[in-house]
Amino acid sequence: MGNCCSDVGGGMAAVGGTAASAVTGNQNDAVDMFFKSRGIHGLFSQIELSFSASNLRNRDIFSKSDPMVVVYIKERDGAITEVFRTEVVLNSLNPTWITKYTITYHFEVVQTFLFHVFDVDTQFHNVDVKMLKLEEQQSLGEACCALSEIVTKPNRSLTFDLVRREESVTATHSQHRGKLTVHAEECFSSKTTSEMVLRCSDLESKDLFSKSDPFLVISKLVESGISIPVCKTEVLKNDLNPTWKPIFLNIQQVGSKDSPLVIECFNFNSNGKHDLIGKVQKSLADLEKLHSGREGESLFLPTPVGHDFQNKVLKSKLFVDQFSETVQHTFLDYLAAGFELNFMVAIDFTASNGNPRLPDSLHYIDPSGRLNAYQKAIYEVGEVLQFYDADKRFPAWGFGARPIDGPVSHCFNLNGSSNYCEVEGIRGIMMAYTSALFNVSLAGPTLFGHVINKAALIASQSLANDARKYFVLLIITDGVVTDLQETKDALVKASDLPLSILIVGVGGADFKEMEILDADKGERLESSTGRVASRDIVQFVPFRDVQSKSSSQSKGGEISIVQALLAELPTQFLTYMRSRDIKPST
Amino acid sequence: MESKSRTLEITILSGEDLRIDNKSVKKNAFVDVSIDPFNCKTTKMDGEGGSNPSWNDKLVMDMPMQTRFITLAVKCKASSGEKTVGLARIPVTDFIGGYSPETCLQFLSYRLRDPKGLKNGIINVSVRVKEPLHACSSQAAAGLGIPIDGRNDFGVVTGIPIWSGYPSNSFFR
């Protein structure tokens with residue numbers, strides 16, 4: 001019952017960026033909405049960056065420098081935009097700035113920042129920092145890094161040597177320009193989560209021949225009066241007194257404990273037009289009161305009377321059976337405690353990709369340097385994940401090809417080695433991929449079982465060694481799996497491991513069947529022996545959706561679907577850790 | 001391989017979408033766990049969950065080495081007596097010798113089949129294999145208090161009594 005809220009999704013499309021545009025930083029409404037339309041919440045954390053520096057260069061003659069930090073966001077195409085200025089600290093070469101920069105951390109995008117330290121001349125000291133003309137100030141140096149580099153540091157602090165842009169790298173060693181330390185702190189509010197069990201009584205039957213199939217949608221109201229869905233329950237079949245599974249609402253998702261929430265009860269219809277059974281408007285605080293008073297709140301239904309709507313109060317009631325608040329460890333807490341995400345990649349070398357030497361092949365390496373679909377997918381996913389992998393050594397495999405003189409292999413090491421599968425960095429994957437294209441002959445069929453088993457084995461070995469690792473396997477393929485049942489069996493078996501699998505389909509094949517593997521869109525995966533996946537570990541996306549968008553993506557506005565899928569990883573990571581009660585602290 | 005049985009900690013977590021004759025189970029669902037006909041345990045009855053009961057009942061059972069399957073029978077008590085909702089057979093190989101180290105807590109879910117063989121709901125359990133109960137006499141004294149490696153190959157087993165302070169969550173410190 002994954003995507004049954006098409007009506008809500010449609011309504012959301014009209015919302016645009018009104019809700020959250022107050023937050024600075026890379027705004028990511030596209031992903032946000034994509035998830036909400038599927039009833040999933042991306043993982044967003046508010047982060048506060050604070051700055052300090054040591055041994056800055058002295059540019060003033062009669063006193064010390066008066067430094068200020070300016071923060072820029074660096075886009076993929078290299079364009080930089082100023083986003084923040086600290087205050088000016090007077091006469092200090094070891095300043096600690098008070099003003100903090102708050103941004104939203106997005107797991108799925110590489111958020112690159114440029115920090116530039118200026119010495120502000122005395123004559124400007126009574127000017128507001130926002131009004132200062134930077135070209136009139138002296139530069140004390142700058143530093144550049146990705147936000148993920150800061151948050152993956154154990155103490156969430158990163159210290160860089162400041163450099164001057166015009167200087168060549170070799171010249172810097174003679175002149176020290178001091179160091180800048182950036183510290184990232186997660187805002188506390190995002191850690192509080194309310195858990196509720198909601199129940200309704202005496203719902204009306206909306207179906208002709210059976211009882212209603214109710215589900216709840218909880219939305220927050222924003223200033224413009226539009227409601228934005230934040231949470232959705234499962235559909236319970238044929239139930240007029242339903243109790244849904246516990247709902248988790250993060251305080252941050254709803255704004256505050258007192259912000260009004262609209263709770264709507266719908267009758268599920270497979271055609272996507274769900275009938276509203278009734279609704280209530282309550283804040284989290286109200287819901288808590290309902291729980292402590294053990295009272296029910298009557299649902300109402302807007303009913304047309306003439307030209308107007310009147311709220312008809314129904315017999316049906318909403319109860320809050322459980323209400324508790326917990327402070328949950330966030331993804332960043334785990335990172336700080338040394339947990340890692342390890343990236344693995346498997347590439348389809350079946351013959352259906354076409355002869356790699358011909359330009360119409362999906363594997364064609366363009367001499368002009370334009371990336372093919374496989375390279376793009378590796379790059380887009382790898383670029384984000386590499387920061388979360390400490391040694392940056394990635395296992396890389398190919399499948400569905402015949403290595404020189406051998407039989408068809410469904411899992412061979414991309415680097416051509418017979419005993420180790422790891423390559424160095426994203427560049428290593430790219431190089432191993434290109435060289436593999438020359439060293440193997442494409443064959444078939446398309447079997448995933450072997451690579452999934454191999455990845456699962458690595459994950460289980462890490463588990464046995466007590467390692468704080470979670471694995472992400474990226475499978476890039478041009479076609480439908482031949483061994484659907486075998487793949488399902490392998491996935492079900494691996495569902496209990498610290499492993500997520502991302503399948504990206506390239507080319508024009510019909511990937512309908514692949515969606516079965518993605519449990520978001522249907523039932524839980526079931527193996528041939530009757531075992532069921534203990535959680536959803538697979539995400540599938542056809543890459544063509546992405547390609548059409550990636551051209552405009554460099555402009556900064558749009559986010560590709562691959563990134564949207566990546567955004568789900570922290571949630572899968574947390575589900576795994578929480579279900580096993582693994583805590584980030586030692 | 002002297003030991004004849006190991007201790008199994010099986011937690012019956014919850015059921016999903018349980019039905020009897022295509023009608024949702026109202027209440028009083030429980031689970032019979034049997035390793036063999038003489039080695040059965042039963043969970044408590046679930047009063048509130050209806051067709052999605054949650055038991056969270058931890059059963060500690062002895063499992064002989066030669067055991068191949070564990071049978072879970074979800075039943076429901078009604079005025080007319082006990083009815084079987086569905087059965088699931090867990091192959092022991094799903095949690096011993098699979099991917100996960102066997103002494104690690106493993107979460108498993110199974111599709112239930114009713115007595116006619118038709119698909120019913122899903123049952124979620126977690127399993128942890130404790131160190132074997134027996135064959136620990138001589139080594140046990142020396143082994144007390146010494147942290148043990150929880151990842152023995154299952155060919156060779158170190159006999160450590162279960163009361164030797166092996167913390168249940170030691171796998172994820």
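Residue numbering restarts at 1 for every chain, and letters A, B, ... go by the order of the sequence lines. Note that the structure is a prediction, hence the values are computed from the model and not measured.
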Neighbour count >12 (heavy atoms, 6.0 Å) for atom NZ, Lys211(A): no

Set out, in order, the CA-CA distance, both residues' side-chain angles and the distance that settles side-chain contact (heavy atoms from CB on, under 4.5 Å) for Lys245(A) and Glu16(B), then state yes or no. CA-CA 10 Å; Lys245(A) 285 186 190 167; Glu16(B) 293 174 30; 4.3 Å; yes

Using a cut-off of 6.0 Å, state whether more than 12 heavy atoms not belonging to Glu195(A) lie near its atom CD. yes

Measure the shortest side-chain to side-chain distance between Gln106(B) and Arg580(A) over non-hydrogen atoms and say whether it is less than 4.5 angstrom. no

Any side-chain heavy atom of Leu108(B) within less than 4.5 Å of one from Ser534(A)? no

With chain B, the option among Leu457(A), Asp321(A), Asn453(A) that has the most non-hydrogen atom pairs under 4.5 Å is Asn453(A)

May I ask you to test the Arg531(A)-Arg111(B) pair for a side-chain heavy-atom distance under 4.5 Å? no

Within 6.0 angstrom of Lys44(B) NZ, more than 12 heavy atoms from elsewhere: yes

Counting only heavy atoms closer than 4.5 Å, note whether Lys23(B) contacts chain A via side chain, backbone, both or neither. neither

Of the listed Asn52(B), Asp94(B), Ile90(B), Asn124(B), the one with the largest count of heavy-atom pairs under 4.5 Å with chain A is Asp94(B)

What part of Ala533(A) lies closer than 4.5 angstrom to a heavy atom of chain B: side chain, backbone, both or neither? backbone

Minimum heavy-atom separation for Leu105(B) and Asp496(A), please, with both atom names. O-OD2, 4.3 Å

Begin from the C-alpha positions of Asp239(A) and Ser24(B) and carry the test side-chain contact (heavy atoms from CB on, under 4.5 Å) through to its verdict. CA-CA 9 Å; Asp239(A) 202 339; Ser24(B) 294; over 6 Å; no

